[in-house]
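Remember, predicted model here, so these are calculated numbers, not experimental data. Residues take their numbers from the sequence shown, with the count starting at 1.
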Amino acid sequence: MASSSLICETGPWKDLREHVEDLKKTHLRELMSDTERCNSMMVEFDGILLDYSRQRANLDTLNKLYNLAEAAHLKEKISRMFNGERINSTENRPVLHIALRAPRDSVINSDGKNVVPDVWQVLDKIRDFSERVRSGAWVGVTGKVLKDVIAVGIGGSFLGPLFVHTALQTDPEAIEFAQGRQLRFLANVDPIDVARNIAGLHPETTLVVVVSKTFTTAETMLNARTLREWISAALGPQAVAKHMVAVSTNLTLVEKFGIDPNNAFAFWDWVGGRYSVCSAVGVLPLSLQYGFSVVEKFLKGASSIDQHFSSAPFEKNLPVLLGLLSVWNVSFLGYPARAILPYSQALEKLAPHIQQVSMESNGKGVSIDGVPLPYGTGEIDFGEPGTNGQHSFYQLIHQGRVIPCDFIGVVKSQQPVYLKGEMVSNHDELMSNFFAQPDALAYGKTTEQLLNENVPQPLIPHKTFSGNRPSFSLLLPSLNAYNIGQLLAIYEHRIAVEGFVWGINSFDQWGVELGKSLATQVRKQLHASRNKGEPVEGFNFSTTTMLTRYLEESVDVPKEDCTILPKM
Ligand code: F6P
């Protein structure tokens with residue numbers, strides 16, 4: 001394939017286009033009755049079992065997908081990523097989040113330099129700093145232990161760490177290490193989020209970690225200035241040095257902000273924001289909360305999947321299989337969405353995190369060479385933990401639109417409950433749903449079955465389930481820090497596989513820029529109207545009307561320049 005030609009012009013893509021018409025004639029019910037097929041669609045690695053037998057695919061489909069992978073140069077693209085080549089061509093950067101969790105003695109070169117020692121230098125600094133804060137060797141200006149942490153950041157500087165924190169919160173080992181400590185996340189520029197974050201906390205015992213790759217993100221910087229004010233107002237401006245630290249690639253701006261560069265934790269431009277949870281972005285706040293040893297296990301879990309992804313043959317490679325079959329669902333079966341359905345409350349923030357990793361990475365309109373794409377890329381990702389989702393949007397998934405689902409189950413609950421006299425344990429009750437739902441989607445329920453149950457004729461159409469709805473099932477042995485790292489890396493790499501096959505750049509995000517620049521224009525207008533009484537100008541009729549109404553009705557805004565912090 002010449003570099004500027006599109007994957008849809010290749011033989012394997014066209015072959016799959018024809019094949020899908022054939023395959024559509026076979027219901028999943030029939031596919032599921034072929035035990036040999038199902039057996040070949042179970043893959044295990046490092047304790048994680050993937051069952052993809054409920055995909056609308058047969059062995060022929062898989063072979064054709066491997067041909068597609070070859071046409072897309074998938075193997076080479078994976079190697080180029082691991083070799084530190086500048087595969088993020090629009091930003092001229094390598095994509096090396098795998099180096100963030102590489103063992104200390106490994107060698108990963110970027111521009112001829114092994115980056116692993118730099119990674120470990122920062123990890124060692126985090127270990128040391130977090131231990132000092134946790135032990136009380138590093139205290140606030142009034143001598144009190146900093147037991148509470150607010151991590152200020154947004155997007156990739158927020159969602160990954162929040163996911164991991166939420167997942168660890170009920171892990172028995174992590175609980176032990178988190179005794180007496182709190183970790184909160186301030187992301188939204190909404191002052192309500194500030195109020196909720198500082199509610200019940202005192203600056204004396206709070207450490208603020210400002211997390212921003214660029215240190216220019218408007219939301220984060222305003223929130224950081226707000227918390228700097230919250231600290232200074234209570235403890236004096238000199239307290240900032242003890243109560244605020246930073247994580248960034250831009251150490252110059254960190255210093256300008258007033259944070260001592262010695263208290264800044266670096267990362268590098270070869271780490272994409274949404275792929276940064278294994279850098280200081282996640283490792284610092286999580287180590288402050290759980291201790292570095294727990295977080296190190298998380299890194300090891302991710303690293304195990306990295307090694308698997310880079311070396312396992314495609315037929316046994318979890319991220320590759322998931323990625324190729326996702327391309328199959330989106331590009332050939334025409335299903336544009338994906339539901340992420342963990343049967344674990346601890347994974348409640350998995351879907352929001354994957355939403356960013358996936359949609360910011362693969363929601364593109366042109367190829368990596370800038371050629372407009374005649375096919376859609378990316379999925380519309382959403383999800384909720386089961387069984388909450390079942391009582392919310394599953395109706396649509398069962399009888400409305402077809403949405404491929406990721407069912408994620410865990411063998412051993414973080415917090416088992418057994419009640420005397422109950423038929424099953426609470427976790428078994430949860431997992432009964434995990435095992436039942438994929439079959440309900442795949443098999444559905446026929447008119448014949450309903451007639452056998454004596455369902456009244458008028459209700460039969462309403463109670464019929466067409467079935468034939470695909471899903472993956474992923475079974476994890478437990479949900480400790482290591483498993484959480486594995487799960488994270490499986491999704492990261494699966495999304496990269498999809499982008500590599502579609503021929504797009506999954507590592508840039510130009511689509512977020514336009515809204516940001518328009519907001520700058522509005523910000524200027526609000527300032528001019530409020531301070532100099534200038535009329536709203538330069539916007540279309542609709543925005544002018546709304547803006548004018550907003551300005552006219554916000555009567556409680558103070559006239560003079562002053563500081564007001566939330567009253568909660
Ligand atoms: O949403 C756009 C984005 O650039 C994300 O990619 C990034 O994770 C987020 O903003 C935050 O950026 P920063 O870490 O530079 O504050």
Side chains of [X] and [Y] only: does a donor on one sit below 3.5 Å from an acceptor on the other?
{"X": "Thr543", "Y": "Asn540", "result": "yes"}
{"X": "Asp381", "Y": "Ser358", "result": "yes"}
{"X": "Glu348", "Y": "Asn388", "result": "no"}
{"X": "Tyr394", "Y": "Gln399", "result": "no"}
{"X": "Asn433", "Y": "Gln390", "result": "yes"}
{"X": "Thr548", "Y": "Glu552", "result": "no"}
{"X": "Asn505", "Y": "Thr90", "result": "yes"}
{"X": "Gln525", "Y": "Arg523", "result": "no"}

Minimum heavy-atom distance [X]-[Y], with the two atoms named:
{"X": "Val330", "Y": "Gly376", "answer": "CG1-O, 4.2 Å"}
{"X": "Ser331", "Y": "Trp502", "answer": "OG-NE1, 2.8 Å"}
{"X": "Phe507", "Y": "Ile87", "answer": "CE1-CD1, 3.8 Å"}
{"X": "Phe185", "Y": "Asn197", "answer": "O-ND2, 3.0 Å"}
{"X": "Thr170", "Y": "Ala346", "answer": "OG1-CB, 4.0 Å"}
{"X": "Ala264", "Y": "Leu251", "answer": "CB-CD2, 3.8 Å"}

Taking [X] for the side chain and [Y] for the main chain, is one N or O donor matched with an acceptor at less than 3.5 Å?
{"X": "Asn188", "Y": "Asp190", "value": "yes"}
{"X": "Thr249", "Y": "Lys213", "value": "yes"}
{"X": "Asn223", "Y": "Val152", "value": "no"}
{"X": "Thr220", "Y": "Thr216", "value": "no"}
{"X": "Trp328", "Y": "Gly323", "value": "no"}
{"X": "Arg86", "Y": "Pro94", "value": "no"}
{"X": "Ser248", "Y": "Ser212", "value": "yes"}
{"X": "Glu9", "Y": "Leu6", "value": "yes"}
{"X": "Ser529", "Y": "Gly533", "value": "no"}
{"X": "Asn362", "Y": "Ile495", "value": "yes"}

Partners meeting side chain to side chain contact (heavy atoms under 4.5 Å, CB included) with [X] (sequence neighbours left out):
{"X": "Ser466", "answer": "Arg469"}
{"X": "Lys147", "answer": "Arg181, Thr205"}
{"X": "Pro458", "answer": "Pro456"}
{"X": "Ser473", "answer": "Asp51, Arg54, Phe407, Phe434, Pro438"}

From Asn92 CG over to Asp508 CG, what is the distance, rounded to the nearest 0.5 angstrom?
->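 One finds 12.0 Å between CG of Asn92 and CG of Asp508.
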Find the distance between NZ (Lys144) and CG (Leu146) and round it off to the nearest 0.5 Å.
->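 Answer rounded to 0.5 Å: 11.0 Å.
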Please name all residues satisfying salt bridge (Lys or Arg N to Asp or Glu O under 4.0 Å) with [X], sequence neighbours left out, ordered by chain then number.
{"X": "Asp193", "result": "none"}
{"X": "Arg80", "result": "Glu85"}
{"X": "Asp406", "result": "Arg494"}

Taking [atom1] in [X] as the centre, count heavy atoms belonging to other residues, nucleotides or ligands within less than 6.0 Å. Is the count above 12?
{"X": "Arg196", "atom1": "CZ", "result": "no"}
{"X": "Tyr375", "atom1": "OH", "result": "yes"}
{"X": "Lys24", "atom1": "NZ", "result": "yes"}
{"X": "Ile192", "atom1": "CD1", "result": "no"}

Within a strict 4.5 Å, meaning less than it, do heavy atoms of the [X] and [Y] side chains meet?
{"X": "Val271", "Y": "Leu96", "answer": "no"}
{"X": "Thr217", "Y": "Ile154", "answer": "yes"}
{"X": "Leu68", "Y": "Val327", "answer": "yes"}
{"X": "Leu325", "Y": "Pro404", "answer": "no"}
{"X": "Tyr491", "Y": "Leu350", "answer": "yes"}
{"X": "Glu91", "Y": "Trp510", "answer": "yes"}
{"X": "Tyr343", "Y": "Gln437", "answer": "yes"}
{"X": "Val194", "Y": "Trp230", "answer": "no"}

Mutual orientation of the aromatic rings belonging to Tyr290 and His165 [parallel < 30°, tilted 30-60°, perpendicular > 60°] | tilted
Aromatic ring pairing Phe332/Trp13, orientation class (parallel under 30°, perpendicular over 60°, tilted between) = tilted
What residues, two or more places apart in sequence or in another chain, satisfy ring pair (Phe, Tyr, Trp, His ring centres under 6.0 Å) together with His243?
->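 So His243 forms no ring pair (Phe, Tyr, Trp, His ring centres under 6.0 Å) with any residue.
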Inspect the contact between Glu492 and Arg101 and indicate whether a charged nitrogen and a carboxylate oxygen are less than 4.0 angstrom apart.
->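 Between Glu492 and Arg101 there is a salt bridge, with a charged N closer than 4.0 Å to a carboxylate O.
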Which residues pass the side chain to side chain donor-acceptor pair (under 3.5 Å) test with Ser232, sequence neighbours left out?
-> none
Identified side chain to side chain donor-acceptor pair (under 3.5 Å) counterpart of Tyr335 within the set Arg401, Arg56, Glu379 |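 The residue from Arg401, Arg56, Glu379 that satisfies side chain to side chain donor-acceptor pair (under 3.5 Å) with Tyr335 turns out to be Arg56.
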For Leu207, the option from Ile231, Val149, Ile150 that meets side-chain contact (heavy atoms from CB on, under 4.5 Å) |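 In the set Ile231, Val149, Ile150, the residue that makes a side-chain contact (heavy atoms from CB on, under 4.5 Å) with Leu207 is Val149.
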Write out all pairs satisfying side chain to side chain donor-acceptor pair (under 3.5 Å) with one or both partners inside residues 530-539, taking only residues at least two apart or from two chains.
->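 Of all non-adjacent pairs touching residues 530-539, those that pass side chain to side chain donor-acceptor pair (under 3.5 Å) are His527-Asn531, Arg530-Ser554.
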According to the side chain to side chain donor-acceptor pair (under 3.5 Å) rule, which pairs have a member within residues 261-282, sequence neighbours left out?
->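 As it turns out, the side chain to side chain donor-acceptor pair (under 3.5 Å) pairs with a partner in residues 261-282, which skip direct neighbours, are Asp260-Asn262, Arg274-Glu360, Arg274-Ser361, Arg274-Gln509, Tyr275-Ser361.
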Please walk me through it: do Glu498 and Arg338 pass salt bridge (charged side-chain N to carboxylate O under 4.0 Å, His left out)?
-> CA-CA 13 Å; Glu498 294 179 60; Arg338 168 168 61 200; 3.2 Å; yes
Pairs in or reaching into residues 225-247: which pass salt bridge (charged side-chain N to carboxylate O under 4.0 Å, His left out), with residues at least two apart or in two chains?
-> none
